[in-house]
Amino acid sequence: MKRSHVALAVASLVCAGVTAAHAQRGPAAAPANQRLWWVAKAAPGQYGTNKPHIKLSDLKARHKGETTWMEVVGDDENFHAEYHQAAPGFMIATRLRPDTREFFAVIEGQLRFTLEGQPAPIVATPTSIVNIPKKTAYSVEVIGNAPALWVDANQQHFKTLLPADGPKPAATPALTVMKIGMSAAGLPGSYTGNNKPHFNLFEAEKDPKFNGQNVVQDDHMWAQAIWGYEKSLPPYDPSDKGHFHVGTAEWWFILEGQIRHNIETVGDFTSNAGDIVYAPASTWHATRFAGPGPSCRLATSTYQFTSLLEVPPD
């Protein structure tokens with residue numbers, strides 16, 4: 001069975017309407033705000049080419065002495081994510097994703113984004129998220145006096161259009177490079193809901209009412225800045241499995257502080273700012289703030305999170 005094909009029992013076990021026969025066996029009662037279902041959970045830990053934990057310190061060590069480098073840090077049926085470093089002056093020439101949303105998350109340095117439809121360029125600094133809707137032309141330049149580090153996240157199978165007033169791109173095997181027209185309707189892409197061109201965690205934290213927020217919302221791309229302190233949580237419980245998702249992996253870009261993870265097939269470990277952590281579909285994971293200061297993880301998924309929770313055995 002493909003992971004995206006999930007079997008849910010038609011006869012759901014709604015906690016207020018469990019059959020008498022089942023009730024006589026003494027099933028565990030679900031909380032009042034939960035309904036109980038059967039689900040076909042695939043084998044956990046199906047990482048493919050992905051890794052449970054990519055440390056920024058390891059990336060830096062691997063590319064010591066290089067000013068510009070790129071590594072793929074997420075690649076599954078739903079997402080393609082790349083970690084980049086580049087020196088001041090590096091540029092991404094104007095391009096457009098015709099069908100899919102894209103976002104950038106900055107961990108070090110400064111990036112200047114020019115987005116079609118925005119009144120002024122956006123200067124993205126550490127903890128910035130730049131959210132780019134489909135059909136929105138943009139360009140990027142590394143500015144300042146130090147290299148920049150960022151993650152570029154795309155929906156899988158994304159495509160790229162380049163302005164026809166620029167040079168013709170090099171030919172690609174099995175593909176034909178040609179000039180095309182595209183309707184101007186819906187250009188550039190619009191921002192709805194919590195989607196905004198630019199979010200910066202350090203700026204958001206200045207508001208005493210800030211408690212984290214969704215920063216990217218799309219049918220097939222969802223990212224939530226989950227923020228807080230370990231001191232506000234109950235004591236760590238190593239037996240807590242957390243939850244899992246059946247239709248998508250969940251992955252995290254650590255924006256600030258430390259995050260503690262307990263992932264099925266991997267175990268208990270702590271990530272730090274700039275790290276990437278990945279939990280495949282159908283894999284239990286419990287994630288919490290760690291350390292003395294504020295912590296924030298950018299929790300990313302294909303859909304708005306539907307967390308499947310453990311219930312006690314009958």
Side-chain angles (χ1 to χ4, degrees), residues 50-51 53-75 79-97 100-115 118 121-133 136-156 158 160 195-205 215-216 218 221-227 251-257 259 271-278 296-301:
N50 299 289
K51 296 179 175 62
H53 185 194
I54 297 175
K55 298 179 181 180
L56 177 57
S57 59
D58 290 343
L59 289 171
K60 287 183 172 182
R62 214 159 31 240
H63 296 282
K64 185 177 181 180
E66 302 176 38
T67 56
T68 301
W69 52 264
M70 183 279 290
E71 278 199 26
V72 175
V73 291
D75 195 41
F79 272 95
H80 179 86
E82 299 173 351
Y83 220 125
H84 288 259
Q85 176 179 289
F90 172 87
M91 296 189 68
I92 299 173
T94 300
R95 66 190 186 190
L96 176 150
R97 311 296 194 199
T100 53
R101 186 179 295 273
E102 178 177 16
F103 73 81
F104 289 73
V106 180
I107 194 67
E108 292 181 8
Q110 298 181 70
L111 295 167
R112 181 167 57 212
F113 290 78
T114 302
L115 274 60
Q118 297 306 308
I122 295 168
V123 175
T125 54
T127 75
S128 281
I129 310 297
V130 178
N131 182 349
I132 306 174
T136 301
Y138 72 91
S139 61
V140 188
E141 181 181 5
V142 178
I143 60 174
N145 55 14
L149 276 166
W150 70 92
V151 171
D152 180 6
N154 277 281
Q155 294 169 244
Q156 194 60 270
F158 66 94
T160 305
N195 289 301
K196 300 291 186 294
H198 183 212
F199 166 84
N200 184 275
L201 175 65
F202 290 159
E203 289 299 315
E205 286 176 336
V215 295
V216 179
D218 207 337
M221 178 176 275
W222 189 276
Q224 181 177 4
I226 302 175
W227 177 91
W251 59 282
W252 303 271
F253 180 53
I254 313 306
L255 287 174
E256 181 182 26
I259 301 294
S271 60
N272 297 282
D275 291 0
I276 301 283
V277 178
Y278 183 97
C296 185
R297 59 191 185 272
L298 188 69
T300 306
S301 177

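- Judged purely by distance below 3.5 Å, without hydrogens or angles, the side chains of Asp152 and His84 never pair a donor atom with an acceptor atom.
- Residues Ala137 and Thr94 come closest through the heavy atom pair CB-CG2, 4.1 Å.
- Taking the side chain as every heavy atom from C-beta outward, Tyr138 and Ile122 never approach each other to under 4.5 Å.
- How far CD1 of Ile129 is from NE2 of His198: 8.5 Å, rounded to the nearest 0.5 Å.
- Between Glu102 and Phe158, every side-chain heavy-atom pair lies at or beyond the 4.5 Å cut-off.
- Of all heavy-atom pairs spanning Asp75 and Asn50, the tightest one is N-OD1, 2.7 Å.
- Of the listed residues (Trp252, Phe253, Trp227), just one forms a side-chain contact (heavy atoms from CB on, under 4.5 Å) with Cys296, and that residue is Trp227.
- With contacts defined as side-chain heavy-atom distances shorter than 4.5 Å, the pair Asn195/Pro133 does not qualify.
- Using a distance-only test at 3.5 Å, with no hydrogens or angles considered, no donor-acceptor pair links the side chain of Asp275 to the main chain of His53.
- Using a 4.5 Å heavy-atom cutoff, the side chains of Val140 and Trp150 are not in contact.
- Going from atom OG1 of Thr114 over to atom CD of Glu141 covers 8.5 Å, rounded to the nearest 0.5 Å.
- Taking 4.5 Å as the limit, some side-chain heavy atom of His80 sits within range of a side-chain heavy atom of Val72.
- Residues Pro88 and Asn145 come closest through the heavy atom pair CG-C, 4.0 Å.
- Here the side chains of Ile107 and Tyr83 are in contact, with some heavy-atom distance below 4.5 Å.
- Counted by atom type alone, Glu71 and His63 present one or more donor-acceptor pairs between their side chains at under 3.5 Å.
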(request) Check step by step if side-chain contact (heavy atoms from CB on, under 4.5 Å) holds for Gln110 and Val123. (result) CA-CA 7 Å; Gln110 298 181 70; Val123 175; 3.7 Å; yes
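- Within the model, atoms CD of Gln155 and CZ of Phe103 stand 10.0 Å from one another, a figure rounded to the nearest 0.5 Å.
- Ser139 and Arg95 form no side-chain donor-acceptor contact under 3.5 Å, judged by distance and modelled atom types alone.
- Arg297 is not listed as a side-chain neighbour of Leu255, based on a closest heavy-atom distance of 4.5 Å or more.
- For the pairing with Leu111, the side-chain contact (heavy atoms from CB on, under 4.5 Å) check across Ile143, Val142, Thr125 returns one residue only, Val142.
- Not one N or O on the side chain of Asp58 forms a donor-acceptor pair closer than 3.5 Å with the backbone of Lys55.
- Using a 4.5 Å cut-off on side-chain heavy atoms (C-beta onward), Trp69 and Leu59 make contact.
- Separation of atoms CD1 (Ile254) and CD1 (Ile276) is listed at 7.5 Å; rounding is to 0.5 Å.
- Between Pro126 and Phe202, the closest heavy-atom pair is O-CD1, 3.7 Å.
- Annotation: Lys51, atom NZ; neighbour count of heavy atoms from other residues, nucleotides and ligands within 6.0 Å does not exceed 12.
- Distance check: Phe113 CZ to Gln118 CD gives 12.5 Å after rounding to the nearest 0.5 Å.
- Nearest approach of Ala87 to Thr68, heavy atoms of both residues: N-OG1, 4.0 Å.
- One distance of note links CD1 of Ile132 with CZ of Phe104; it measures 5.0 Å at 0.5 Å rounding.
- Classified by interplanar angle (parallel below 30°, tilted 30° to 60°, perpendicular above 60°), the ring pair Trp251/Phe79 is perpendicular.
- Heavy atoms only, all atoms of each residue included: Asn154 and Met221 are closest at C-CE, 3.8 Å.
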